[in-house]
Amino acid sequence: MERLRCTDIKFLKGVGPKRAELLNKQLGIKNCADLLRHYPSHYADRSKTYRIADFSGDMPSVQVKGMFVSFATHGEGARMRLVGLFSDGSKAMEVVWFNRIKSIRDSYLPGTEYILFGKPTEFNGRWSMVHPEIDRSDTPDISTGMRGIYPLTETLRNRGITSRTIYNMVYALLPRCRDIHDPLPQELRNRLQLMSLGDALRCIHTPANTDELQKARFRLKFEELFYLQLNILRYCRARSKTIAGFRFAKIGDYFNRFYKECLPFELTGAQKRVIREIRQDVGSGKQMNRLLQGDVGSGKTLVALLCMLMALDNGTQACLMAPTEILAAQHFETLSSLAAKIGVNIKLLTGSTTKKERDSIHDALRSGTLHILIGTHAVIEDSVQFKNLGFVVIDEQHRFGVAQRARLWKKNVIAPHILVMTATPIPRTLAMTVYGDLDVSVIDELPPGRKPVKTVLRYEDKRMEVYRAIGAQLKEGRQAYIVYPLISDNEKTDLKSLEEGYEHIRQMFPSYRVAYVHGRMKPAEKEAQMNLFASGQARILVATTVIEVGVNVPNASVMLIENAERFGLSQLHQLRGRVGRGADQSYCILMTKLKIAKETRKRLEVMTSTTDGFVVAEADLRMRGPGDIEGTMQSGIAVELHIASLATDGQIVQLARNCANSILDNDPTLASPDLYGIRKEMALLFDKSHDWSRIS
Ligand code: ADP
Ligand code: MG
């Protein structure tokens with residue numbers, strides 16, 4: 001691989017500096033190793049030759065053998081096309097080109113036998129192929145096995161680079177695969193029955209059959225995930241060995257008094273268990289990095305508060321960071337009122353905190369008179385200095401990049417314990433990678449008395465019925481959310497917008513006050529509107545997804561989501577979590593336009609059939625891929641995945657993690673000679689990244 005890595009593709013036959021630069025810019029291919037790692041997106045089966053007489057409607061690209069009978073041009077100027085009549089003896093078809101007409105006409109001779117490869121289409125009883133691949137039938141190695149079809153960009157196509165061009169470049173390199181040294185130790189390869197790297201690279205481009213392709217894929221996916229897990233686990237181990245944490249030795253007055261005097265309800269079993277897990281961690285003398293997963297409404301806030309009180313009991317300060325101002329403000333309200341009796345000093349710091357207030361918060365933090373700081377990412381600014389920060393809670397963390405967390409982390413000489421809370425249930429395989437370096441606690445139990453939200457799907461034509469149902473809830477004293485995908489009208493779409501909806505809803509429900517909130521409002525305005533709704537003065541809240549996380553109004557019992565087809569499942573689940581927070585039956589109505597695709601309906605039916613966040617998250621991952629979450633990961637300790645998918649390769653993730661763990665158990669620094677190959681690959685893959693070991 002070393003030599004391939006050192007060979008610039010411009011030295012390959014038929015490439016040259018211009019094409020090399022283009023391939024580098026468009027596909028990131030610089031050297032021959034990159035080229036071999038540019039995997040096909042799908043395959044052409046060249047093992048069979050078809051008869052034109054046997055063509056049928058929905059064939060994929062197929063291969064035919066025959067001769068051109070004649071050529072003719074039709075149309076003029078930009079519309080000009082070249083049509084060749086091609087016959088294989090069974091029947092004739094048309095072959096059509098829309099560009100490079102002259103050169104094509106000159107290159108193919110009637111009377112010579114050619115092999116064409118393309119997708120047949122039928123028009124008026126006549127078959128045709130547009131821009132097929134063409135080879136002379138005496139070209140060696142032309143019609144055997146399967147061969148790769150490569151992802152390209154529009155620019156490359158316009159510059160005359162086709163999938164075939166790439167294939168030819170790769171094909172020329174394949175003989176050199178034989179000499180590739182496999183970085184994975186023989187023992188591991190034997191145990192997992194992995195194809196060698198050289199074979200896998202050859203087979204991924206030109207598999208003899210699907211079985212071989214399967215094996216090649218497995219090897220390459222495993223390798224990719226293995227290095228990734230090895231990297232995550234390596235840092236994780238290094239961190240727990242070298243970094244000291246606070247030892248919270250005791251449970252003191254703050255915690256005990258709160259528990260005895262202020263706890264508004266009995267903790268659920270799951271809340272108690274999680275607090276025990278955290279207590280054990282923070283008492284160990286190691287720095288805690290823990291992910292707390294709990295579905296919406298499972299009571300994470302209370303757990304966070306109890307943990308922060310533990311920190312205060314041990315002479316340190318605590319900080320809670322939320323992704324939005326609304327949410328930070330809400331946490332501030334909740335926590336201040338919960339802890340009012342025990343004399344804890346809590347303050348809120350956001351982007352809209354006044355200079356004067358901010359200065360006084362800064363002073364109080366430095367002197368230690370301020371115990372708990374709640375805020376948005378304003379709290380990670382360098383001007384915010386703590387006297388002794390011992391515990392950090394990050395709510396809905398996937399909205400914070402790893403780098404942002406790092407800044408928070410550095411606020412103390414001794415690293416504070418970190419508790420990351422998320423209501424997005426993250427499927428195991430994803431958690432293993434994205435949060436692979438965190439310990440995980442799960443609150444898998446809702447507070448007693450909650451009724452699952454009833455979710456229904458309604459088409460646009462049932463709008464009036466839906467309004468009547470909402471009206472009935474309002475009449476009973478309940479409140480309603482109405483969620484829109486857009487803030488204002490956009491001529492290009494037929495999506496419902498909040499601005500339009502706000503007027504409409506006011507007309508439909510004239511006897512109720514309607515509040516509204518969206519992302520483009522000033523924080524103070526937002527807060528005023530939210531307060532109208534939270535206090536019950538406004539009975540309807542018209543909103544965009546800004547209410548997705550955390551907003552807590554237990555009296556709200558119905559949510560209508562407009563253009564539900566436009567939202568992802570996890571997002572819908574988050575939104576739905578805003579209702580069902582009181583003891584009464586709640587409802588979520590997903591409204592869509594009349595015509596939606598079958599897949600869309602299937603997707604939305606996941607929502608109507610379950611309220612289990614993990615089931616929703618698994619379905620979302622399967623249907624849409626890891627999306628945002630993977631994005632967060634890539635900015636951190638990981639690399640981009642080329643062939644493996646966190647959505648579908650869960651088992652390989654697990655396998656890779658197990659193997660990485662056992663290798664590190666035996667040889668934590670990867671020092672042994674048979675791990676030399678792995679060490680080198682790791683350096684190549686990860687040396688660009690920063691030292692992420694000091695990050696939660
Ligand atoms: P989330 O996990 O979504 O952040 P919250 O912490 O906001 O959930 O809690 C949701 C609601 O449940 C809040 O109104 C909270 O007061 C209530 N709650 C939390 N724990 C319990 C409990 N053990 N028993 C009853 N209600 C609880
Ligand atoms: Mg919450």
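Whatever order the structure lists ligands and atoms in, that order sets their numbers, starting from 1.
- For ligand 1, one of its N or O atoms has an N or O atom of Gly299 under 3.5 Å away.
- A salt bridge links Lys272 and Glu266; the closest N-O separation between the charged side-chain nitrogens and carboxylate oxygens is under 4.0 Å.
- Close approach of ligand 1 to Gln271 (heavy-atom distance below 4.0 Å) involves ligand atoms 19 (C), 20 (N), 22 (C), 23 (N).
- Within 6.0 Å of CD on Gln537 lie more than 12 heavy atoms contributed by other residues, nucleotides or ligands.
- Neither the backbone nor the side chain of Gln330 has a heavy atom within less than 4.0 Å of ligand 1.
- Those atoms of ligand 1 with a heavy atom of Arg581 less than 4.0 angstrom away are 3 (O), 7 (O), 10 (C).
- Looking at Gln293 and Thr422, their side chains never bring a donor and an acceptor atom within 3.5 Å of each other.
- With a 4.0 Å heavy-atom cut-off, ligand 1 is reached by the side chain of Asn552 but not by its N, CA, C or O.
- Under a 4.0 angstrom heavy-atom cut-off, Gln574 registers as lying outside contact with ligand 1.
- Contact annotation for Met421 and ligand 1: no heavy atom of the residue comes within less than 4.0 Å of the ligand.
- Each of the following atoms of ligand 1 lies closer than 4.0 Å to a heavy atom of Arg450: 10 (C), 11 (C), 12 (O), 17 (C).
- Remark: Arg478 engages Asp584 in a salt bridge, criterion side-chain N to carboxylate O under 4.0 Å.
- Listed by number with element, the atoms of ligand 1 under 4.0 Å from a non-hydrogen atom of Leu267 are 23 (N).
- Taking a cutoff of 4.0 Å between a charged side-chain nitrogen and a carboxylate oxygen, Arg601 and Glu605 qualify as a salt bridge.
- Here Asp359 does not pair with Lys356 in a salt bridge; the nearest charged N to carboxylate O distance is not below 4.0 Å.
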Under 3.5 Å, side-chain donor or acceptor atoms of residues 251-260 against the rest of the protein: list the pairs with distances, not counting sequence neighbours.
from: Asn256; atom 1: ND2; to: Gly252; atom 2: O; distance (Å): 3.2
from: Arg257; atom 1: NH2; to: Lys341; atom 2: O; distance (Å): 3.3

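- Both the backbone and the side chain of Thr301 come within contact range of ligand 1, each with a heavy atom under 4.0 Å.
- Annotation for ligand 1: atoms under 4.0 Å from non-hydrogen atoms of Glu266 are 22 (C), 23 (N), 24 (N).
- Using a 4.0 Å cut-off between charged nitrogen and carboxylate oxygen, Asp281 and Arg290 count as a salt-bridge pair.
- Within the structure, the closest approach of Ser298 to ligand 1 falls below 4.0 Å when heavy atoms are considered.
- Remark: ligand 1 and Gly297 share an N or O pair separated by less than 3.5 Å (distance only, no angle test).
- Contact between Pro554 and ligand 1 is absent, with no heavy atom of the residue lying under 4.0 Å from the ligand.
- Counting only residues at least two apart or in different chains, ring-ring contact (aromatic ring centres under 6.0 Å, His included) contacts with residues 319-359 are absent.
- Below 4.0 Å from some heavy atom of Thr268 lie the following atoms of ligand 1, by number and element: 23 (N).
- The environment of Gln280 atom CD is sparse: at most 12 non-hydrogen atoms of other residues, nucleotides or ligands sit within 6.0 angstrom.
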